[in-house]
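What follows is a single structure, written as structure tokens, with notes after it.
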There are 2 protein chains.
Amino acid sequence: MAQENFRELLKKHTLRVTDCRLDVLTLFSSNEKALSFRNLEDNLTKYDRVTLYRTLNSFEESGLVHKIPTDNGAAAYGLCQSTCSTDSHNHDHIHFTCDQCGSVECIESHQVPAVQIPGYLIKEMNFLVSGTCKTCLQSV
Amino acid sequence: MAQENFRELLKKHTLRVTDCRLDVLTLFSSNEKALSFRNLEDNLTKYDRVTLYRTLNSFEESGLVHKIPTDNGAAAYGLCQSTCSTDSHNHDHIHFTCDQCGSVECIESHQVPAVQIPGYLIKEMNFLVSGTCKTCLQSV
DNA sequence: CAATTTATGCAATTACGTTGCAAACGTGAC
DNA sequence: GTCACGTTTGCAACGTAATTGCATAAATTG
């Protein structure tokens, strides 16, 4: 996605267009995997940590990215599909965490199966799968 | 489960039998839901926080409890079934987090459906579901 | 009960995330 | 373009969560 599209994307979500936000979006789209806060911090050293935290938060609130809980506690963030909005999120895909390289991926090709639990009201689902990712398997 | 069974359980996992470990196991079994670190700390004030951290870690390594990641980042711990060992874990059940009371439950009645992703090696699965739990729904 | 290994408690440290505030920047109107 | 407004940024400080090192205490084995 080009720089110009990011401007549109931000405006569509009523977010101001700033250097930091454009750079964060660029980083996300240049990387097919989800990003941890650490990833952001390491790659965008020109911005303050606090600013990156706030950028992720505003992106999450606006439905630009979604938070993915992981086993180790350090959350990852994935770019949302165009079907997501501030109010309704639509990321019923599987999340894969690689034990080797630690990367987190959204497996868009695999939907999370629907579940019903008698007596419970289900609102959100998150299917976390871990093991060895494609890249790591090939590099053996 | 009685105190005597806990001694056996610990020995089976080559863990020394200590007051702290027995008390932690007692707390787990007296509570049908998963416990957060905070829960432990609040209920077992006679032990140091560091000791409780280390107890949970050794239990997790030995396959006595399993860590359940949650959306808010505060992990919960659930007692493993007897089918779990140090090497192979077997808790393919659904994990439910209640938005109201914050409790985490292992839904043993619901198995996690098997998935296969071409090119990936799958080792563990974690199905996180959130919403309103049975107890909170009834107390409205 | 003695010797050895492991667990515990305390203090200090590191890691992580948040808050308040002043300065800088983006936006829309003129 | 530039002005006024509201939002975003960077910095410093704060608060909490979790880890580490070390001396002491307790558990296991023979």
Side-chain angles (χ1 to χ4, degrees), chain A residues 3-27 34-62 64-77 86 102 104, chain B residues 3-4 6-27 34-62 64-65 67-77 86 102 104:
Chain A
Q3 198 81 345
E4 202 42 49
N5 296 75
F6 294 147
R7 304 187 85 89
E8 290 309 312
L9 190 63
L10 288 171
K11 285 188 175 174
K12 202 196 294 176
H13 289 84
T14 49
L15 287 170
R16 294 200 170 180
V17 179
T18 67
D19 290 349
C20 180
R21 288 175 178 167
L22 288 174
D23 283 349
V24 169
L25 284 178
T26 305
L27 186 62
L35 299 174
S36 66
F37 177 76
R38 193 61 182 280
N39 289 148
L40 277 192
E41 204 179 2
D42 291 345
N43 283 287
L44 299 172
T45 47
K46 61 195 286 198
Y47 302 108
D48 195 84
R49 290 174 335 119
V50 180
T51 303
L52 294 175
Y53 274 116
R54 290 194 266 227
T55 303
L56 279 180
N57 282 340
S58 60
F59 279 10
E60 198 190 356
E61 281 172 21
S62 307
L64 271 169
V65 300
H66 59 285
K67 201 179 200 170
I68 309 161
T70 62
D71 299 315
N72 64 56
Y77 292 84
T86 309
V104 179
Chain B
Q3 199 81 344
E4 203 44 47
F6 294 148
R7 304 188 85 89
E8 291 308 312
L9 190 62
L10 287 171
K11 285 187 175 172
K12 202 195 297 176
H13 290 82
T14 49
L15 288 169
R16 292 197 170 180
V17 180
T18 67
D19 290 351
C20 179
R21 289 175 178 168
L22 288 174
D23 284 349
V24 169
L25 284 177
T26 306
L27 184 63
L35 299 174
S36 66
F37 177 76
R38 192 59 181 280
N39 288 148
L40 277 192
E41 203 179 1
D42 291 345
N43 284 288
L44 299 172
T45 48
K46 62 194 287 200
Y47 301 109
D48 194 84
R49 296 199 336 266
V50 180
T51 303
L52 295 175
Y53 275 116
R54 291 194 265 227
T55 303
L56 279 180
N57 283 339
S58 59
F59 278 12
E60 198 190 355
E61 281 171 21
S62 308
L64 271 169
V65 300
K67 200 179 199 171
I68 309 162
T70 62
D71 299 317
N72 65 53
Y77 292 83
T86 309
V104 178

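We use all heavy atoms of the structure for the numbers below, so side chains are in, but hydrogens, waters and symmetry mates are not. All chains are named by letter (A, B, ...) in the order of the sequence lines, taking the proteins before the strands, and each is independently numbered beginning at 1.
- When the P atom of C:dA7 is taken as reference, atom CG of B:L56 falls 14 Å away, rounded to whole Å.
- Between A:H13 atom NE2 and D:dT8 atom C1' there is a gap of 19 Å when expressed in whole angstrom units.
- The shortest side-chain heavy-atom distance between B:R16 and B:L10 does not fall under the 4.5 Å cut-off.
- The minimum heavy-atom distance between A:L15 and A:S58, with the atom names listed, is CD2-CB, 4.3 Å.
- The shortest side-chain heavy-atom distance between B:L52 and B:F37 falls under the 4.5 Å cut-off.
- A heavy-atom distance below 4.5 Å is found between the side chains of B:F59 and B:L25.
- For the helix from C:dC1-D:dG30 to C:dC30-D:dG1, the terminal axes (five pairs an end, C1' atoms, rotation from four pairs onto the next four) enclose an angle of 50°, given to 10 degrees.
- Between B:L15 atom CG and D:dT29 atom P the separation is 13 Å, expressed in whole Å.
- In this structure, the nucleotide among D:dC11, C:dG26, C:dA11 sitting nearest to the side chain of A:T18 is C:dG26.
- What separates CG of B:D19 from C1' of C:dA7 is a distance of 11 Å, to the nearest Å.
- The distance between atom CZ of B:R49 and atom C1' of D:dA17, rounded to the nearest whole Å, is 8 Å.
- Among the protein residues, B:R21 comes within range of the sugar-phosphate backbone only, with heavy atoms under 4.0 Å from sugar or phosphate atoms but none that close to a base.
- Between the CZ atom of A:R54 and the C1' atom of C:dA24 there is a distance of 13 Å, given to the nearest Å.
- For the side-chain contact (heavy atoms from CB on, under 4.5 Å) with A:C20, the lone residue among A:L22, A:D23, A:V24 that qualifies is A:V24.
- If you find the closest nucleotide of DNA chain C to B:L52 and to A:Y53, the one lying nearer the 5' end belongs to B:L52.
- When the P atom of C:dC25 is taken as reference, atom CG of A:D48 falls 15 Å away, rounded to whole Å.
- When each of D:dT19, C:dA7, C:dT18 is scored by its nearest atom to the side-chain atoms of B:V50, the top-ranked nucleotide is D:dT19.
- Using modelled atom types and a 3.5 Å distance limit, the side chains of B:S36 and B:N39 yield a donor-acceptor pair.
- Distance CG (A:L40) to C1' (C:dC16): 15 Å, rounded to an integer number of Å.
- Within the 4.5 Å cutoff, side-chain heavy atoms of B:Y47 are placed close to those of B:D19.
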